[in-house]
Every structure is written in structure tokens, then in C-alpha cells.
Amino acid sequence: MITRTKYNPKEIESKWQAQWEADQQYHASDDSPKPKFYHLVMFPYPSGDLHMGHWYNYSPFDTYGRFKRMQGNNVMQPIGFDAFGLPAENAAIKRGIQARTWTLANSENMRKQLRSMGAQWDWSREVVTCQSDYYRWTQWLFLQFYKHGLAYRTKAPANWCTNCNTTLANEQVLADGTCERCGSIVIRKEIDQWLLKISSYAERLLDFSSVIDWPEKTMVMQRNWIGRSKGAEIRFTAEIGGKHEEIPVFTTRPDTIYGVTFFVLAPEHPWVEKITIPEQKTAVDAYVKQALRMTEIERMSAEKEKTGIFTGGYVTNPVSGEKVPVWISDYVLMSYGSGAIMGVPAHDQRDFAFARKFGIPIREVIRPEDEQPSDPETWTQAKEALGVMVNSGPFDGTPADRAIAEVIQYVEGKGIGKLMVNYRLRDWLISRQRYWGAPIPIVYCPEHGTVPVPEDQLPVWLPENVQFKSTGESPLRYEPDFLNTTCPICGGPATREADTMDTFIDSSWYFLRYADPHNSEAAWNPEKLKKWLPVDQYVGGVEHAILHLLYSRFFVKALHDMGHLDFDEPFLRLFHQGMVLGSDGQKMSKSRGNVEAPDKYISKYGADTVRCYMMFIGPFDAGGSFKAENLEGIWRFLNRFWSLVNETWTDNKRDVETRESKAIERLRHKTIKRITEDLSNFHFNTALAALMECNNALIKQQNDAVAQSAAYRRTLETMMQLLAPFAPHITEELWQQTGHTGSIHNTDWPAYDQALTQDEAFTLVIQVNGKVRERIEVPADISEQEVRELVLNNPRVATFIGETTIQNIIYIPGRLANVVVRKG
RNA sequence: GCCGGUGUGGCGGAAUGGUAUACGCGCCUGUCUCAAAAACAGGUCCUGCAAGGGUUGAGGGUUCGAAUCUCUCCACCGGCACCA
């Protein structure tokens with residue numbers, strides 16, 4: 001018997017946190033012979049405080065990591081900070097402090113809060129993206145992309161506030177298209193920016209064959225984002241100023257080529273100027289100007305009503321030889337395909353709407369097999385289904401299954417087009433006209449043009465004391481010490497690139513740096529990378545399903561191709577946690593007033609209770625409401641377990657088997673099995689329920705003789721171990737109090753014997769025509785013959801069979817027997 | 001509009017072809033207490049005196065048996081959205 005004490009989480013939690021830290025218990029060794037397990041969670045932005053969402057995310061995550069550790073793995077579970085980004089810059093402007101000061105102070109506070117969770121973070125590997133020992137290598141990576149032709153500079157549209165004279169991030173543009181700072185109209189302006197050629201990896205990024213377990217939904221979202229579509233490029237022609245010119249269009253429906261009755265250019269298309277006839281010039285200019293003034297947001301929120309204007313010019317359909325009028329409309333996007341389309345109103349809903357609006361003829365050229373001809377002018381919508389080609393000259397009668405292929409073959413033969421695959425995915429614009437990010441390591445020399453900073457001159461330092469303009473414009477543009485430099489080639493005066501990199505770059509490789517975080521000679525040592533990568537389990541929010549996860553995959557594939565990595569998929573298994581909501585079931589937000597700070601509950605109940613509660617809310621991927629009163633249930637459970645161990649712990653190691661002790665032993669094995677399976681499947685809520693059930697069963701018998709048995713003692717011991725990943729402090733304390741040496745977290749995960757997970761007897765449910773009519777206790781090894789006899793001789797069952805005839809008896813071993821009867 | 005998901009007691013949820021409502025919250029009763037809290041014990045889907053009957057968003061189908069598979073519809077949530 002141990003000394004009776006009261007469960008005092010405050011005392012034991014800080015004690016064990018300090019002890020684990022002193023023992024460096026969770027430092028992952030590069031040399032351990034155990035199998036490695038790289039367990040990663042998306043690193044936080046240092047906003048200032050660890051909120052409920054972090055606790056909801058990290059509690060089950062850490063529990064899983066601890067489970068893997070006890071299962072004999074060398075678990076590496078690092079943490080760090082995604083420390084560049086706009087909020088720090090806004091804080092700097094608002095409060096007049098340096099972005100760096102603000103960020104580092106926040107990180108320090110969050111570090112303390114992260115420690116209070118009692119998670120097995122390996123702090124020795126911490127990575128902070130705004131430190132020069134990190135962004136130096138971010139810049140090095142940019143240079144690798146540049147060297148391999150994957151980084152290029154071109155004019156690209158940015159949100160531009162004409163009043164503040166600065167670019168804005170999408171989130172700085174209000175829904176009505178105005179600047180959040182000054183309220184002026186935001187326009188799209190073409191400025192020189194850096195991009196990464198992610199589009200050349202579109203096809204590779206569609207391939208998920210080397211991941212082990214990703215949510216189907218995430219793969220679908222990425223595939224949709226990449227948006228592969230197969231079709232044909234067909235070149236239309238025009239005589240302009242006596243010259244023969246060609247203009248390509250992309251279409252997924254080359255079989256509708258004879259239905260083209262008009263042609264549309266995007267407002268930004270370079271042909272707009274040369275195809276427009278003088279009489280239309282004024283009107284066309286006005287339309288283009290208006291279209292360009294709209295931001296993307298506005299263009300998206302605009303009504304579906306089609307707008308457009310006729311240029312007065314014509315192009316020739318190279319297949320039919322027909323001349324068709326050229327229009328301009330903003331429903332054609334410059335960024336997709338060739339920025340020009342062939343208009344087939346009969347078989348495309350958008351073209352149909354456009355033709356109706358402007359009185360353009362509609363010509364049917366595709367007809368489903370069994371349909372009668374009809375006048376397209378009477379249609380209410382386009383017929384987009386495949387069908388037999390009609391009104392298509394030599395192609396008339398070509399069936400649906402061959403139509404597309406035959407037209408492609410025809411245009412290829414004639415040299416007027418070709419098979420083509422198009423992607424929705426655009427290149428990744430990484431320039432940010434912002435201060436708080438990694439400077440792009442490029443120098444502009446009047447003599448040598450664009451010159452990359454030599455690798456041995458990295459990092460390009462980000463100035464630490466800067467003065468912000470009230471407009472929010474990047475201070476780097478006004479820092480002569482930063483801007484003015486010399487050309488790495490000729491040594492003459494030159495200017496630095498003043499833009500910084502998108503913070504998604506920082507987070508596209510942090511998981512590589514964790515493998516070798518202190519390397520000052522290289523981004524990583526290949527041997528260390530080989531040891532740890534790829535990531536075995538990645539956990540993070542579904543809001544990153546597309547951008548962060550796609551960019552990281554792109555980085556790894558590109559670095560693989562450059563010869564820097566020997567794997568080409570970063571995350572083998574991926575899990576998205578749900579979102580924790582306020583008690584009203586709404587997203588937590590200051591404006592709703594339903595935000596709960598975790599610290600209050602940590603000091604009241606301790607980290608173990610809060611951790612367990614987070615997992616008990618519901619399935620990890622479903623999220624759920626945070627309800628403070630429900631913490632009581634977990635608090636009671638931990639207290640009951642504490643008291644149970646205190647009151648019943650015995651040093652009895654002799655095994656005198658009784659019927660009761662054997663039942664306890666079976667309960668032990670059954671519980672190990674349930675917890676092991678639940679944890680393997682991320683079912684934390686049901687695992688805790690199983691622990692509660694076992695605890696309740698033990699409490700029921702705590703005053704019986706069996707509580708003195710070795711089996712009961714073993715079960716208490718097993719419970720401590722099974723609970724250890726969920727509630728690491730209380731279990732460590734009890735482990736020590738019950739005379740064990742060494743940390744419970746270094747013990748082996750309990751094993752179970754399948755044979756002992758079955759009870760000796762079970763409740764046989766007897767149904768008549770599927771309705772439960774009787775339950776009887778029977779031995780587990782009962783034969784089907786014996787069950788049949790029991791069923792047929794049961795008086796209660798007999799009353800339900802009555803005058804009917806037995807057709808069949810279905811027996812499901814260990815569960816139920818169903819007597820199928822029919823009247824008569 | 002397209003794609004994906006969800007729907008079970010007063011509440012969070014469990015059960016993924018075999019006992020619907022495990023586990024927990026809340027509520028009710030009791031023990032203890034001068035009293036309250038805490039703790040502990042018992043009860044708690046609807047209907048019915050009972051035997052029984054009914055119940056997993058609605059309706060149909062498959063099956064000896066359906067919350068689970070299938071079809072139609074409804075509601076809510078998430079993603080994408082003029083992508084040619």
C-alpha cells in the first residue's frame with residue numbers, strides 16, 4: 001500500500017516536465033538502432049498565445065507519438081516557428097516596435113506554453129524561420145531553383161493601392177475591392193516579380209502513388225487545383241495588314257469545330273490591338289480599361305451576366321474555312337489556355353449565354369444518337385453531351401466515341417493543330433513587396449543584369465532596425481545600406497532585389513531542416529536526411545490541403561531532380577485534425593465572444609485533464625465544440641484512477657488464480673487490444689472510453705478479495721501504461737509512487753494474448769425473424785448444434801414461434817441466433 | 001453550378017451487415033452533511049399497468065437481419081467556381 005495522497009496536477013506536472021527536460025528524455029538520437037519514426041505536426045505561427053486550436057491539434061498528436069515511442073520506435077517529434085509574415089509587420093507599424101522583437105517575444109511566450117503541455121517535443125531541433133541560420137538556407141534553395149531554370153522573373157499582376165503606392169496581399173483587399181488601410185480603389189498592376197515553375201511539375205504532382213496514407217479528399221482537392229484537361233490546340237488564322245497570322249485556341253471539344261460562330265479574346269490578349277478595326281477602337285479601349293480595373297475579387301463576385309464587345313475583325317476557322325467575328329469578353333481568362341477561345345454556343349453553356357446576349361447564331365453540330373433534329377434557336381440551354389457529328393462537312397456521321405480523336409488526327413495531319421494537355425495550375429508567384437520575409441538573393445547590375453548572389457555570400461541580411469512608412473510600404477525600398485551593393489561579377493555599383501519571399505517558401509522545407517537543424521555548412525547533411533526523411537506521419541489542418549502541401553511536394557520533387565534528395569514525396573501519411581469550435585458550435589472568434597483561452601483550464605485542472613478532454617470531444621478529424629463543463633468528466637476519471645491506485649496498490653506478486661482473477665486478466669488483455677487498435681487508427685475518443693470502462697470495472701471490485709490478487713495489480717500497472725500517452729504526468733507520478741524505477745514512458749507498450757481477449761462466456765441473443773426475443777449466457781466454446789438445441793428448447797422463444805413453421809436458423813458464432821419462421 | 005463530407009437520446013458521441021444509444025456531460029433519486037459543495041450508490045430514448053410496440057433527417061429497395069449497402073429527396077458543413 002502506498003501513502004494516500006490527493007491528486008495535485010499543478011505540483012506533479014511541473015516536476016515531471018523539469019525532470020524530462022533534465023534527462024533529455026525526448027531528444028531523438030541520430031544513432032539509435034531502433035526504427036526511426038519521424039512524427040511531424042505543422043509548426044505554429046508565433047501569434048503570441050497557444051490557443052484552443054493548438055491544444056486540440058497537439059494533444060492527440062503527442063499521444064500518438066508517445067504511443068509509437070512505447071512501441072519501440074526512435075520517435076523524432078520536433079517543433080519550431082513559422083516566424084515570417086504579415087502580422088509581425090502590422091504589429092510593427094501599429095505599435096512602433098520592430099517586427100523581429102515582436103516575433104521573438106511571442107515565440108518565447110509560446111515556447112513556455114508548449115512546454116506546459118507535457119508533450120515530447122525535441123527542443124534541440126527547434127527551427128525558427130526568421131533567424132538568419134534558417135533563412136540563409138531558404139535563400140540557398142532559391143538559388144538552386146534559379147540555377148536549374150525553375151525560378152524566373154516576369155511581369156505579373158499585383159494588387160496595387162494607388163493612394164498608398166504599395167502592393168497589397170489578397171487579405172488586405174476588402175470585399176468591395178478597396179484598400180483596408182485607406183479605402184481607395186485597388187487595381188491590378190503589372191510589376192516585375194519572381195515566380196517558381198511549379199507548372200512544369202503539374203503532371204508529377206498528380207501522381208500520389210508513393211504516399212502510403214493520405215485523405216482521399218486532400219488528393220482530390222489537389223488534383224482539382226492542378227486541373228488537368230486534355231484536348232486540342234487549333235490555330236485559327238487572319239490576314240492582318242496583308243500578313244498571314246495564326247492565333248491558337250485550346251478546346252476540350254474539337255468535335256464541335258463546325259459549330260464555331262464567333263471567337264473571343266481575353267481583354268489582356270496581345271491581339272486585341274491589332275484585330276480591332278479603327279471604327280471600334282474607342283469602344284474596345286473603354287471595355288478593356290474597365291475590365292483591367294477590376295481586381296480578381298471583383299471579377300469573381302461579378303454577376304453571371306455576360307459582357308463583351310465586337311472588335312470588327314474576323315478570323316478564319318482552319319477546318320471549315322469559315323470566317324467568324326472576333327469579340328472581347330472578360331469571361332475568357334488570359335491565364336488559361338491561350339487566352340482566346342472558339343465560341344460554340346450550341347454545345348457550351350457559357351458560349352450559349354454569350355451568343356444569346358449578343359444575337360450570335362447558334363449552330364447544332366453534335367446530336368445524341370436517338371435524337372431528332374431541332375432548331376437551336378428554340379433551345380433554353382447548350383447541349384454539352386457527346387454525340388454524333390452533324391452539319392460538319394466530311395465528318396458528318398462520326399460517332400461520339402471517335403469524334404474527338406478523328407478531328408485531332410485531322411488537324412495534326414493538316415498541320416493546323418495538335419493534341420494538347422492544359423493545366424489550371426499557374427506558376428507560383430513568390431515575390432512579396434514586404435519587409436518581414438527572406439530577401440530574394442538577387443542583385444541587379446547595370447552591366448550584367450540579373451545576377452544571383454554567390455552562395456558563399458549568403459545570407460543576404462534582412463536589416464533589423466527599419467523605419468516603416470505610414471502606408472505600410474516595404475521599408476527595404478528605402479534602406480540604402482541594404483539596397484546599394486556591388487555586382488558579384490564586376491564589382492561595380494549595383495542594386496539588391498527589394499522584394500522578399502512568400503512565407504510558404506519557408507514552410508516548404510522546414511521538415512528537411514529538422515533532420516539537421518544546426519548545420520552551418522549546408523542546408524543539411526545528406527546522411528542525416530537519409531536517416532530521418534521522409535516524414536512518417538504528418539498532422540495538420542485541412543486548410544493547408546492545397547497550398548502548403550502542394551508546395552512542399554513540389555519542393556521535394558524539384559530537389560530530388562536536382563540530386564539533393566533521394567526521395568520524392570515528403571509526407572508518407574497525412575492526417576487532418578478537425579476544428580475546435582466555441583461552446584455555441586461556431587468558429588471561435590473575438591467578434592462572437594466565444595473564445596476560450598486554454599491557460600485558465602490548465603491552471604484549474606492541469607495539462608493531463610485538458611489533453612484528455614481534447615481527445616474525448618469526438619473523432620480527431622471531426623472537430624467539435626469546446627464545453628468547459630465536460631472537462632469535469634475527465635477530471636473525475638483521472639481522480640478516480642488516482643484514488644484507485646492509491647487505495648488498492650499491493651505488492652502481491654504471487655499468483656493464486658481464481659475465477660475472478662482470471663476474469664480480470666481477460667479484461668486486461670481485452671483493454672490492451674482495444675487501446676492498441678484505437679490508437680493505431682487515431683480513434684482517441686473511443687480509446688479513452690475503453691480506459692474509463694476498465695477503470696469502472698476495477699473500481700467495482702476494489703473492495704473484493706480479487707483486488708489483492710496479482711492479476712488486479714498487473715491490470716493497474718497496465719492501465720498506467722495504456723494511459724501514459726494520453727496523460728503523461730499523472731501516470732509518471734503513479735508509476736514512481738508504486739515503486740517502479742525509470743520513466744513509464746521508456747517502458748514497452750503492453751502486449752496482449754488474442755486468446756485471452758475472449759471472455760469465457762457470452763450473451764447469446766436469440767431473434768425470431770430479426771427481432772430480439774431472448775438472451776442467454778452460454779460458454780464461449782459452445783457448438784452450433786448445442787445452440788440450435790438451446791434455441792429450440794427455449795420456452796420464451798417457443799411462444800414467439802407458436803404455430804409458424806421454422807424455415808431456417810442462422811447462427812453467428814459468439815453473437816446471435818436468428819430463427820426464421822413463416823406462417824402456416 | 002461542380003466535387004467531397006455529414007445527419008443517431010436533452011447534449012458531445014459509440015456501434016461500418018448481427019443486442020442501437022457504449023463512454024462522458026446534464027438531469028432525477030438516495031447516502032454523507034446543520035447546510036451546501038465535493039465524493040459515493042442507483043436511475044434516465046418514446047409509448048404502454050404489463051406483455052408488447054416504436055425509434056438512427058424523409059421515403060423506397062436488397063437481406064433471415066440495415067444507423068451501416070443501394071436508389072430518390074431534404075437539411076447542414078467544407079472545397080472549387082466563367083478553366084474553354
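Labels below follow one simple rule: chain letters A, B, ... track the order of the sequence lines, proteins then strands, and each chain is numbered from 1.
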By the 4.0 Å heavy-atom rule, please label [X] as base, sugar-phosphate, or nothing.
| X | result |
| --- | --- |
| A/Arg424 | base |
| A/Asn639 | nothing |
| A/Asn685 | sugar-phosphate |
| A/Arg773 | sugar-phosphate |
| A/Arg796 | sugar-phosphate |
| A/Tyr613 | nothing |
| A/Gln349 | nothing |
| A/Ser229 | sugar-phosphate |

Tell me: [atom1] of [X] to [atom2] of [N], nearest whole Å?
| X | N | atom1 | atom2 | answer |
| --- | --- | --- | --- | --- |
| A/Ile226 | B/rC3 | CD1 | C1' | 15 Å |
| A/Leu631 | B/rC23 | CG | P | 20 Å |
| A/Phe726 | B/rG24 | CZ | C1' | 15 Å |
| A/Asp255 | B/rA84 | CG | C1' | 13 Å |
| A/Lys700 | B/rC40 | NZ | P | 13 Å |
| A/Met334 | B/rC82 | CE | C1' | 16 Å |
| A/Glu693 | B/rG24 | CD | P | 8 Å |
| A/Arg640 | B/rC23 | CZ | C1' | 11 Å |

Handout entry: Aromatic plane relationship, A/Tyr605 with A/Tyr601 - under 30° parallel, 30 to 60° tilted, over 60° perpendicular
Key =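 Geometry flag for A/Tyr605 against A/Tyr601: parallel rings.
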Exercise for the section: Look at the rings of A/Phe684 and A/Phe620 and say which category their plane angle falls in: under 30° parallel, 30 to 60° tilted, over 60° perpendicular. Expected result: perpendicular
Taking the [atom1] atom of each, how far is [N] from [M], in whole Å?
| N | M | atom1 | value |
| --- | --- | --- | --- |
| B/rA67 | B/rG7 | P | 14 Å |
| B/rC32 | B/rU16 | P | 44 Å |
| B/rA75 | B/rA58 | C1' | 11 Å |
| B/rU8 | B/rC76 | P | 14 Å |
| B/rC45 | B/rC40 | P | 22 Å |
| B/rG24 | B/rU31 | P | 24 Å |
| B/rU19 | B/rU62 | C1' | 23 Å |

Exercise for the section: Any strand is fair game: report the nucleotide pairing with B/rC73 by Watson-Crick or G-U wobble, both distances under 3.5 Å, or none. Expected result: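 Matched B/rC73 with B/rG57 under the 3.5 Å cut-off.
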Problem - Nucleotide forming a Watson-Crick or wobble pair with B/rU33, both distances under 3.5 Å - result: none
Please confirm whether [X] makes a cation-pi placement over [Y], using NZ or CZ under 6.0 Å from the six-membered ring centre and within 45° of the ring normal.
| X | Y | value |
| --- | --- | --- |
| A/Arg553 | A/Phe208 | yes |
| A/Arg611 | A/Trp55 | no |
| A/Lys306 | A/Tyr331 | yes |

Exercise for the section: Find which nucleotide of RNA chain B each of A/Lys217 and A/Phe800 is nearest to by heavy atoms, and output the residue with the more 5' nucleotide. Expected result: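 By nearest-heavy-atom nucleotide position, the 5'-most residue is A/Lys217.
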Practice task
Return the 5'-most residue of the pair A/Val820, A/Val220 with respect to RNA chain B, ranking by each residue's nearest nucleotide.
Solution key: A/Val220
Exercise for the section: Determine whether A/Ser59 and A/Val610 make a side-chain contact, defined as any pair of heavy atoms from C-beta on separated by less than 4.5 Å. Expected result: no
Handout entry: pair A/Leu790-A/Asn794: side-chain heavy atoms closer than 4.5 Å
Key =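 No, side chains not in contact.
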Exercise for the section: Compare side-chain N and O positions of A/Arg636 against OP1 and OP2 of B/rG26 and report whether any pair is under 4.0 Å apart. Expected result: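 Checking B/rG26 against A/Arg636, a side-chain N or O does come within under 4.0 Å of OP1 or OP2.
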Exercise for the section: Please state whether the phosphate of B/rG54, meaning OP1 or OP2, lies under 4.0 angstrom from any side-chain nitrogen or oxygen of A/Lys771. Expected result: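 For B/rG54, OP1/OP2 do have a side-chain N/O of A/Lys771 under 4.0 Å.
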Closest to the [X] side chain: [options]?
| X | options | result |
| --- | --- | --- |
| A/Glu629 | B/rG52, B/rC25, B/rG79 | B/rC25 |
| A/Val772 | B/rG79, B/rA20, B/rG24 | B/rA20 |
| A/Ile617 | B/rG12, B/rG52, B/rC80 | B/rG12 |
| A/Leu816 | B/rU19, B/rA84, B/rC23 | B/rU19 |

Handout entry: Aromatic ring proximity, centroids under 6.0 angstrom, A/Phe504 and A/Trp428
Key =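 Between A/Phe504 and A/Trp428, which both carry aromatic rings, the centre distance is not below 6.0 Å.
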Problem - Distance-only donor-acceptor test (3.5 Å): side chain A/Asn818, base B/rC64 - result: yes
Exercise for the section: Can you check whether any acceptor in the base of B/rC11 is under 3.5 Å from a donor in the side chain of A/Lys627, or vice versa? Expected result: no
